[in-house]
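Heavy-atom basis, side chains included; hydrogens, waters and symmetry copies ignored. Within every chain, numbering begins at 1; the chains are lettered A, B, ... in the order of the sequence lines, protein sequences first and strands thereafter.
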Amino acid sequence: MPLYNGITLPGQPDLENIRRLDLSILPQTNRMSRVGVAVDVPYLQELSSEFGREMAGLQKDIASYIPPDALDRFATAAAEIEEAEGSVTINAASAEQIRVLLFDLLKVGQGKKLKTTSTGKVSTSRKNLEMVHDQHPVIPLIQQYRERQKLKTTYCDTLPQTAILHPRGPCCPICELAHVEPTRRLHTTWLTTRAITGRIQCKKPPLQTIPIRSDIGSRIRAAFIGSPGYKIVSVDFSQMEIRDLAHLAAARSMISVYLADGDIHQSTAMKAFGIADPAQVDKYKHRLPSKRVNFGIQNGTTEKGLYAQLVTDYWAASMPPPDWLTEDWCKQFIASWHAAYPEVQPYFETQYYRARRYGFVWDPWGRVRYIPQVRSSLFWKVSEGLREAQNFAVTASNAEQTKLAMAECEDEFDHLRSLSVRIEALLSIHDQIIAEVEEDYAAEVGEIVQHVFDHVMDDRETGERLWRTPIKSDCEILDRWHVKE
DNA sequence: CAGCACGGCGCG
DNA sequence: ACCGCGCCGTGCTG
């Protein structure tokens, strides 16, 4: 049962198979490093100053809430107080100073059970700030400052520094085109055998973490552009980790949803809440918790974790968390989830057993992860190891499938280049690949890449699908990354 | 000045 | 006590 390039599914530890898989992507990662990805530097610089202006205003507003008699707790030098005269006397980027302001001076969160840091102090993490969100008007200001500070320092200010100007000429195929203006490009470093799960990572710069989840953050993603005359083609697996869990656990009702091309979150909600009429499924009360558990169950979601996640979700949707949302409710819901998919917990138990019996677990391709913590005498260390064992095959399978798709896509791109089509892979982000292609061919390339994704688990000799769920991909064709026209 | 631990947070 | 990563600024130390 060979997949692409003779890679197989031995279903037991097989490092030779993994070696072939890990080597097969190197032509593409090497080429991606050399070609780089174009970035709009003036746009990022403008964004940086916009964030900088907003941060200065927010910092001043935050400082205005310092009780006048406590100004000296924030001044680094006595002179600063006098000349500052009501201007910045707090560094909003300092967790220590924010902690003093909120919890010592403003007495926020008195009755609440807030999380503490590893050193025993009350944490000012986003989760804690959400818990006390409505207790003081300064808290939203801190949240807004944090978001801008993260985006500005990590992305707006850093990316332009590492962007290299490509001259015209043979430095890379994209730049050879006479009509293409020289562009500034980022050349990240790909790490292909670093993550335990088999995922590939990149660093300097960290292009796999370009923002998208918040509206303000996705403006940074728009700085990534196709060269003039080119389109960005982005293809990703649709809900692949849930499909992988369905396959690995042989979860019958989950598999049948995918066979019918149904909506897994909707279907989960109906099963777990016992709802017969699809119209009765509420987006926030039923679908949102279902979605969170569908995505989080593989990582060992607990009632506490689910509760915290949903509180964050509600605030992100500008809604206060509803009264019925409690840790106890979350516990009940997770139990209902397992009742809806009864094969999943036994599958997890099998992974726990393997971790304990052999000291390692493996994925269907033969990648191995050692779980030495199961021999620990510390309960929490053992639990940590069991969660790693639970997660491993799902995440690793997803990584192997993406690597197979990458290697096969690069063959397709080589073929296209032999026909004088200008095309380059730019990035691979865990379950997706992003390429740059002459605009006349963008739609066709999108279809080719989607075909590779959708058939990645097909036996190359028989055409039989070697996975229990169908595989589905989504495709976007863009001028700027994740900005639709 | 560089190096480090910490708290915090970006993505899948 | 939710998995896997990389990286920012702060605050301290040598």
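- For the contact set between residues 283-309 of chain A and DNA chain C, defined by any heavy atom under 4.0 Å, the members are Gly296(A), Asn299(A), Gly300(A), Thr301(A), Thr302(A), Gln309(A).
- Atom pair Arg194(A):CZ and dG6(C):C1' shows a separation of 9 Å (rounding to whole Å applied).
- A straight line from CD of Gln208(A) to P of dC3(C) spans 20 Å, rounded to a whole angstrom.
- Atom CD1 in Ile142(A) sits roughly 12 Å away from atom P in dG8(B) (whole-Å rounding).
- Below 30°, between 30° and 60°, or above 60°: for Trp324(A) and Trp329(A) the angle between ring planes is between 30° and 60°, a tilted geometry.
- If you take NZ of Lys203(A) and C1' of dC8(C), they are 16 Å apart, rounded to a whole angstrom.
- Distance CZ (Arg148(A)) to C1' (dG10(B)): 16 Å, rounded to an integer number of Å.
- Taking atom NZ of Lys152(A) as the reference point, atom P of dG10(B) lies 16 Å away to the nearest angstrom.
- A heavy-atom distance below 4.0 Å to DNA chain C is reached by these residues of residues 349-383 of chain A, ordered by number: Arg369(A), Phe379(A).
- The side chain of Arg199(A) places no N or O atom within less than 4.0 Å of a non-bridging phosphate oxygen (OP1 or OP2) of dG4(C).
- The phosphate of dG7(B) has OP1 or OP2 within less than 4.0 Å of a side-chain N or O from Thr117(A).
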Please tabulate, one pair per line, each protein N/O and nucleotide N/O from nucleotides 10-14 of chain C that are separated by under 3.5 Å, including the distance.
| residue | atom | partner | partner atom | Å |
| --- | --- | --- | --- | --- |
| dT10(C) | OP1 | Asn91(A) | ND2 | 2.8 |
| dT10(C) | O3' | Ser94(A) | OG | 3.4 |
| dG11(C) | OP1 | Ser94(A) | OG | 2.5 |

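- Nucleotide dC5(C) holds its P atom 17 Å from the CG atom of Asp431(A), rounded to whole Å.
- Ring geometry for Tyr353(A) versus Tyr358(A): interplanar angle over 60°, hence perpendicular rather than tilted (30 to 60°).
- Taking every side-chain heavy atom of Lys204(A) into account, dC7(C) is the closest of dC9(B), dC7(C), dC8(C).
- Side-chain atoms of Pro211(A) lie closest to dG10(B) of the nucleotides dC9(B), dC8(C), dG10(B).
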